[in-house]
Amino acid sequence: MRSAVFAAFVFCALTIAPTGSSEILVIFPTTAQSHYRVVRPLIHRLLDRGHKILAITNFPDAVERANLSQIDIAGLKPHSKFKTSNNGIMKSITRVIGNANTYATILSHPTVAKLLQSGRKFDLVLAEFFTSTPIFAPIATVVDAPIVGFCPMITFPWINDVMGMDTTMSYMPNILSDSSDRMSFFQRISNIVKTAIIYIAFNWIYTPIIRQINNHHYGIQTESAIKSMANLSMIMTNNYHSMFLPFPQLPGIVEVGGIHVVDEKPIPQDLNDFINNADRGVILFSLGTVVSEESLSADKLYNILDAFSKVKQRVIMKFDSEKYKIQLPVNVKMVKWFPQRDLLAHPKVLLFISHAGMMSVIETIHCGKPMVAIPIFGDQMFNTNLLVGKQVAVAIEYKHLDSDHLFNAINEALAEKYAINMKKLQQLYNDRPQSPLETAVYWTEYVIRNKNKSKELLKSQKVHLNLYQSNLIDIFAAFLLPLIVVIYFIQWKMKHILYNGQ
């Protein structure tokens, strides 16, 4: 027993032993607070371990710390909420391309521009891995540091290309796909088409914009948007294989799904009283922080409230109702904000009705509560399909969201099998050798410790091969050419023999 305890102590000491004080530059240009919540715990833990951090962010910490400096970029890129309609793949691509030059204005911010011109060096750059990464990844070259990407989703279309891993479209669905890893014939066609559209848009349309931005701000000639991220040493993803999909993984793609989930805190008194007086339990409703509540039509809202009026449970609804004059059912409490993670942990909360954003999905799994998913945009359809496939959620398409569909979905999701399946998924989520935060700290400091070698340590050599090399086209050509010559020679010889025979 003592030897086991000692071994566990040594393991923890090795995995979380300090690297020493390092200078870290954090670049998270996102205006989505939910995305920044994923990296914030890592920032705080690195500060606790003595590292010095300069953060370029829209969400600066209110509490000052001696080893934390911040460049507040709030307002440079307005936070645009998504509407509840017209969120297809082409709309997403248009939004990404349209945002490029807006993100680039951050590089012209006086403090950021001064930093880039100062010659200051860092030991690490920690950057959001998202649509803006090709714009900000070259900063690592300017400050002479390795760079780690942090993806707030399960995966992203160009992660594999950056790290040198093959994407097998027969069982690896695109993040904008509507299928899981078990695809029908037509789903595989859809997956290939969507992947091709994203590839064309990213490499043929987005690349010229990235080239222009990088040349203007860094004086760097970038071959492509993918190549502008070639300096990435590692990418952390908001994923854990037993929770979502088990894909082949290179060591440079590190799963830290659940890192943003902190210890629960006491619930505000008014919400606590509302929950404690609920004899039949409580249902939570939220569409997150990036869905425009103003775009929710009045008839949809009234259908939702009508469904809630029929259920036996009490409902806490996160919704800004200023646009509407609403008469709430007696069992519904509407608030502009609620502590979602803390409420989900309450034993009387039975169900979460959500847009299935990644942070909400992980918090729901962490707390072991089934879900009714109403996906609206981005990866939410993808997340919903995974949950439905595991029978821990019931899905409703937004266009079919009416009182009867919602009422029936609630009753189905409250069935015992969904609660049992979610508890099993919760157990798989928790069964890992380290916490997500410990994993993130270890690999962050690993890159710092191996600064001069980290760029190549965790990738495959595929990143250095071109299209014909990685697909062995040159090898096939080398074997095929002699065969073609032999066949041609035989045909020529046969014609010559036949001609002479006549």
Side-chain angles (χ1 to χ4, degrees), residues 1 4-5 7-16 34 37-42 44-45 48 150-155 180-181 236-247 249 251 253-267 281-282 284 339-352 354 356-373 379 382-393 413-414 416-444:
M1 181 66 182
V5 172
F9 173 79
V10 171
F11 174 78
C12 292
L14 288 173
T15 55
I16 61 173
S34 58
R37 284 175 57 216
V38 179
V39 77
R40 179 170 268 152
L42 176 57
H44 289 174
R45 182 59 62 86
D48 293 341
F150 205 121
C151 181
M153 298 181 176
I154 295 175
T155 183
S180 68
D181 55 344
M236 298 186 197
T237 65
N238 199 16
N239 184 26
Y240 190 57
H241 56 269
S242 64
M243 184 169 53
F244 297 117
L245 294 176
F247 287 159
Q249 213 80 294
I253 301 175
V254 177
E255 297 178 335
V256 293
I259 188 174
H260 77 284
V261 184
V262 297
D263 293 338
E264 61 195 89
K265 299 182 290 296
I267 297 169
V282 174
L284 302 182
Q340 180 173 293
R341 183 265 181 274
D342 305 323
L343 288 173
L344 283 168
H346 197 288
K348 281 200 171 185
V349 171
L350 307 177
L351 179 69
F352 188 26
S354 167
M358 183 46 58
M359 271 51 79
S360 293
V361 166
I362 290 177
E363 288 173 10
T364 307
I365 295 172
H366 181 94
C367 296
K369 305 296 168 71
M371 179 183 283
V372 170
D379 66 328
F382 181 79
N383 303 338
T384 297
N385 284 321
L386 298 183
L387 295 176
V388 170
K390 294 178 184 296
Q391 294 188 306
V392 297
L414 287 171
E416 187 179 10
K417 77 168 186 176
Y418 286 92
I420 292 172
N421 290 340
M422 184 57 93
K423 289 297 181 184
K424 291 177 180 178
L425 186 58
Q426 180 190 34
Q427 184 179 6
L428 290 171
Y429 161 85
N430 286 315
D431 192 354
R432 55 180 98 187
Q434 289 178 291
S435 73
L437 184 54
E438 288 171 346
T439 301
V441 168
Y442 172 81
W443 285 106
T444 300

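For the pair Tyr240 and Pro433, the tightest heavy-atom approach, listed with the atom from each and the gap, is OH-CD, 4.3 Å. Closest approach of Pro370 and Leu351 over heavy atoms only: O-CD1, 3.3 Å. Between Leu425 and Ser242, the shortest heavy-atom distance links the atoms CD1-O, 3.7 Å. In terms of heavy atoms, Thr364 sits closest to Phe352 at OG1-CD2, 3.2 Å. Minimum interatomic distance between Ile362 and Gly258 (heavy atoms only, all atoms of both residues): CG2-CA, 3.5 Å. For the residue pair Ser354 and Ala356, the shortest heavy atom distance occurs at OG-N, 2.9 Å.
Taking His346 as the reference, nothing meets the side chain to side chain donor-acceptor pair (under 3.5 Å) condition, with sequence neighbours excluded. Residues forming a side chain to side chain donor-acceptor pair (under 3.5 Å) with Arg432 (at least two apart in sequence, or on another chain): none. By the salt bridge (charged side-chain N to carboxylate O under 4.0 Å, His left out) test, Arg341 pairs with no residue at all, sequence neighbours left out. Glu255 meets the side chain to side chain donor-acceptor pair (under 3.5 Å) test with Asn239, His241, Gln249; sequence neighbours excluded. Every residue two or more places apart in sequence or in another chain that forms a side chain to side chain donor-acceptor pair (under 3.5 Å) with Ser360 is listed here: Gln340. Under the salt bridge (charged side-chain N to carboxylate O under 4.0 Å, His left out) criterion, Asp48 pairs with Arg65, sequence neighbours left out.
Atoms CZ and OG1, from Phe382 and Thr155 in turn, are 7.5 Å apart once rounded to the nearest 0.5 Å. Note: Met153 CE to Met358 CE = 8.0 Å, rounded to the nearest 0.5 Å. Between atom CG of residue Leu284 and atom CG of residue Leu343 there is a gap of 5.5 Å, rounded to the nearest 0.5 Å. Interatomic distance, Asp379 CG to Asn385 CG, rounded to the nearest 0.5 Å: 11.5 Å. Separating the CG atom in Asn430 from the CE atom in Met243 is a distance of 10.0 Å, to the nearest 0.5 Å.
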Inset, instruction - Verify side chain to side chain contact (heavy atoms under 4.5 Å, CB included) between Leu42 and Phe150, making sure each step is shown before the conclusion. - result: CA-CA 10 Å; Leu42 176 57; Phe150 205 121; 3.9 Å; yes
Inset, instruction - For Val441 and Glu438, run side chain to side chain contact (heavy atoms under 4.5 Å, CB included): C-alpha distance rounded to whole Å, both residues' side-chain angles, the deciding distance at 0.1 Å, then the answer. - result: CA-CA 5 Å; Val441 168; Glu438 288 171 346; 5.8 Å; no
Inset, instruction - In sequence, state the C-alpha distance, the side-chain angles, and the governing distance for Val361 and Met371, and then conclude on side chain to side chain contact (heavy atoms under 4.5 Å, CB included). - result: CA-CA 8 Å; Val361 166; Met371 179 183 283; 4.3 Å; yes
Legend entry - Val39/Met236 under side chain to side chain contact (heavy atoms under 4.5 Å, CB included): CA gap, chis, key distance, verdict: CA-CA 10 Å; Val39 77; Met236 298 186 197; over 6 Å; no
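Between Asn383 and Ile154, some side-chain heavy-atom pair lies under the 4.5 Å cut-off. Counting heavy atoms from C-beta outward, Phe244 and Asn238 have side chains that stay 4.5 Å or more apart. At a threshold of 4.5 Å between non-hydrogen side-chain atoms, the residues Asn421 and Lys390 do not count as touching. Considering only heavy atoms from C-beta on, Ile365 comes within 4.5 Å of Met422 through its side chain. Put simply, the side chain of His366 does not reach to within 4.5 Å of the side chain of Leu344, judged on heavy atoms.
A donor-acceptor pair under 3.5 Å links the side-chain atoms of Lys369 to the main chain of Val349, judged by distance alone. With Thr439 contributing its side chain and Val256 its backbone, the two residues share no donor-acceptor pair below 3.5 Å. Judged by distance alone, with hydrogens and angles left aside, the side-chain atoms of Tyr429 form no donor-acceptor pair with the main-chain N or O of Cys367 at under 3.5 Å.
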